[in-house]
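Structure first, commentary second.
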Amino acid sequence: LQAIDPDVLLAHNLHRFHIELLLQRISATGVKHWSRIGRLRKTKMPTSHPVDRGAACGRLLCDTWVSAKELVHEKTYTLTELARTRLSITRQEIDPRQTPAKMRTSLGLLEMIDNACKDSWITFELMFTLAILPLTRQLTELCGNLWIRSLQSRRAERNEYLLLHEFHKKKFIVPEPYTKREKMRLKGSTESSSSSRKKAQYSGGLVLEPKKGFYEKLVLLLDYASLYPSLIQEYNICFTTVKHWELGEDEIPPEPNRNTESVLPSVIGHLLKRRRAVKSLLKDERNPDLRTSLDIRQKALKLVANSMYGCLGFENSRFYCKPMAALITALGRKSLTTAKEKAEMTLYDPPVEVIYGDTDSIMVHTGIDDLAKARKIGHEIRKIVNKPFRFMELELDAIYKDMLLLRKKKYATNVVIERDGKVILEREVKGLDLVRRDWCTLSKDAGNVLLDALLSGQPREEAVAKIHDYLTDLKKKLTANEIATGKFIITKGLTKDPKAYTDAKTQPHVQVALQMLKEGLFVRSGEHIPYIIVINRSGGTEASSDTSLAARAVHVSKVLRQSEKTTPKEKFLHIDIEWYITHQILPPVARLCEPIAETSPGQLAECLGLDPSKFHRTVAATASEDIDEANIELDRKDPERFSDYPREDRLPLRCRHCQLRGENDENETRKWKDIFNLEVDGAYMVRCHNQNCRCGNIDLVGDNDDIARIMNSIRVHFRPYLQRFYRRELQCDDPMCHTRTRAHWSTKCPTLGCQGNLVPMYSSSALYQQLSYYKSLFNLDEAEKRLNLERTKREEAYQIRLKSDSKAMKGIDLPLNPRDGLPKGSEKRFELLYNFVDDLMHTSGHHFVNLSNLFAFSQ
DNA sequence: ACCGGGAGCGC
DNA sequence: AGGCGCTCCCGGT
């Protein structure tokens, strides 16, 4: 160090590991002049917090772990992972427990040295790839703080310096920071739980209730550009204008006077203006080096502007001001609400619908497929919303195609991207289980397969079939032990040191961490613990205390290491396949399929080889309701129940003769009448009613061609009913509540404060009724019953009329049997058609009542 | 059935 | 060593 005298010390995890390690080794081995790791001669080596005590003062300390956490979004920030994702390098890891053994052989030692060199190089590349030094330098120049502090990612401090400089320049007196004692006193009075996250001190962003479902038409994403910074400008929010000093606890201050521009808005405005300028320079710049540097500059400006709000709500900040933070979020909520309302006030055909929104964005379902039209709608909404604002700007950020909206902050979609006139779709997944590290790869793989199927644009039935096949196959592979151990790894982070947990025994990752400590490994807060759940291995004689989940968690390395061994006796750790299916695969898979009407949790469970009846509970309310409804219909054996069946739901069959000969008038009577038009023409079955028709009013099902034609007509006629049912739209049964939403399994009304239940707008019993209607058209026995009934009625009417009117016509000239007058073989053809509808009913059976025994399809 | 701790997302 | 909002799992009561 003395010879090289570097300006920068670099390492991955420098602050929490390397500096301390260096000093520890220096003191252990008695190396002289320890303070040469810095540039100031010091005598006493600090025992703790060497960086804060200035042990390395005079040099910049660049910690790629710290910087990566601020600059890029990753699932985990180990050097191995960053090398993989950022540099596409596979880094070799060495188990620290192997170190002593390696150090004993020269070959092992060389390997260790080689490894250390490679790690240094990776860290170097990472620093350059992330542009850590130029970016932090920009931040430092902007805010006027120390560079080394920017490298430590202290946003609050950066912010503090920026404001200090600004207020000082304008001759303001700045607030003194609290002293240690004052902080202690404040904390003591308000009490605080040292452990987990604090309760929120004020309300934040508004999240609109999502209209859950699957959207096949285009969806617009409109969002406010830099919402909080532009709110500060728009409403002139400043320490000098918001009357935070005359407020009670939890009061939201009134909107400040907007006619002047105060300090904070001008600082923000300055930052945003400079960013716009840099961005426009970037647009025309061709030199790649300059482009990189300009891009870094615009990023830094954005970072500073965006972090202002967060620091206002930060209790330890010098410029902490809760009322201002609360006012900003309140205005943000208002802005989002007005954007939603204005979007919904537009008059488009079909009407657009705001299906979701979070803090600064609204998602608008256009109901159309035309990209250009959708974009136009987006820009029109944008214009309406932006009209009253001076600074705030709603932008059309993206257009989505095929969107699965599951819950607040959880959705998946394809983003429509136009590149060189071509349209490309790019997957975007937010918040779903499959983007979280605490689900095993197996579970995430399944999730991705499901999304591939659902968002591929193929028909829903096909997608669902693929999903069922995949799950069935997955189950097969799992039972056959064909899945790699690595797929079962679950990773969870420690937020505390393992020994600090009060409920350690209930948490798998804490249990594993404690086990690691026992084995002499370093484990501390912030570490990610990879583990696998194995089968309870208590032999029976021992007390079975290790049946709890936490006790069945084992560190990955143990499972992997044992699989290398050959002796079967030593393979005592068995992955708990059953647990993975029921806890890691089924729940996320079922959640993804919630809006998909073509399947159900029971069916998904069945594919995975589970007892579907056990998963009825999750859907109990909806399913049982449907079963009851359908049963009521079944119990009603009223032969006349379709006599007043709505005209629009009836099957419109036409006589092929009239049609072909052009003998049809506009008159509806030329249509084939179905049997239920009793009042018109008696209870005959399907005859042409055109008196002049060449068919001679013979029966509709004259030959085999007719059968094929009718079957097709039924298919075509039935499709929209099935589709309506598939959409599974629900509405609240509370007459005061007009909530409508798409299907999900909960029957509670999603509207806040409403206690109503959701009922299907098109229920399974309605669908069932439709099928029953088709069936009745071809049921000769039922027709006979109806004829008999009708005859009795007419006879009675005749008797009554006879008493009062001697000239009454008899009018009971009905055939005795519906089979009368039918051409030869018709009866058989009716049977064929009847069976056809019956089949249709059975194949749709499972859609009606999730796996109930109503249709006994389990065979 | 309800509650709180813990984790990890979204914005 | 910025903020709050929102699931989701688990165990305890």
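Proteins get letters first, then strands, A, B, ... in listed order; numbering begins at 1 in each.
Between A:Lys492 and C:dC9 there is no side-chain polar atom (N or O) within less than 4.0 angstrom of OP1 or OP2. For the pair A:Lys496 and B:dG6, the criterion of a side-chain N or O lying under 4.0 Å from OP1 or OP2 is met. Contact check, A:His509 against B:dA7: a side-chain N or O comes under 4.0 Å of OP1 or OP2. OP1 or OP2 of C:dC8 lies within a sub-4.0 Å distance of a side-chain N or O belonging to A:Arg407. Taking side-chain N and O atoms only, A:Lys408 has a distance below 4.0 Å to OP1 or OP2 of C:dC6. Contact check, A:Arg436 against B:dG6: no side-chain N or O comes under 4.0 Å of OP1 or OP2.
Listed candidates were C:dC10, C:dC8, B:dG8. Nearest to the side chain of A:Arg437 is B:dG8. Minimum atom distance to the side chain of A:Arg197 is reached by C:dC6, of the listed C:dT7, B:dC11, C:dC6. Of all nucleotides listed (C:dA1, C:dC9, C:dC10), C:dA1 comes nearest to the side chain of A:Asp52. Of the candidates C:dC10, C:dC9, B:dA7, the closest approach to any side-chain atom of A:Trp439 belongs to C:dC9. Of the candidates B:dC9, C:dG11, B:dC11, B:dC11 carries the atom nearest the A:Tyr411 side chain, counting heavy atoms from C-beta on. The A:Thr495 side chain lies nearest to B:dA7 when the options are C:dC10, C:dG5, B:dA7. Taking only side-chain atoms of A:Lys409, from C-beta outward, the nucleotide of B:dG8, C:dG5, C:dC10 with the closest atom is C:dG5.
Backbone-only contact: A:Ala200 has heavy atoms under 4.0 Å from sugar-phosphate atoms and none from a base. Within the 4.0 angstrom heavy-atom criterion, no nucleotide atom of any strand lies near A:Asn306. Across all strands, A:Gln507 comes closer than 4.0 Å only to sugar-phosphate atoms, never to a base (heavy-atom distances). No engagement by A:Ser361 is indicated, since no non-hydrogen atom pair under 4.0 Å with the nucleic acid exists. Using a 4.0 Å heavy-atom criterion, one finds that A:Gly310 contacts the bases of the nucleic acid, with or without backbone contacts as well. Contact annotation for A:Gln152: no contact, since no heavy-atom pair falls under 4.0 Å across all strands.
Contact check on A:Lys408 versus A:Glu209 returns a salt bridge, with a Lys/Arg side-chain nitrogen under 4.0 Å from an Asp/Glu carboxylate oxygen.
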*Output, in order, the C-alpha distance, side-chain angles, deciding distance and verdict of ring-ring contact (aromatic ring centres under 6.0 Å, His included) for A:Tyr215 and A:His365.*
CA-CA 8 Å; A:Tyr215 296 89; A:His365 184 229; 4.8 Å; yes
*For A:Tyr224 and A:Ser361, what are the C-alpha separation, side-chain angles and deciding distance, and is it a side-chain contact (heavy atoms from CB on, under 4.5 Å)?*
CA-CA 6 Å; A:Tyr224 284 108; A:Ser361 67; over 6 Å; no
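Counting heavy atoms of neighbouring residues, nucleotides and ligands inside a 6.0 Å radius, atom NZ of A:Lys487 does not exceed 12 of them.
Judged by the 6.0 Å distance and 45° axis criteria, A:Lys430 is not positioned over the aromatic ring of A:Tyr411.
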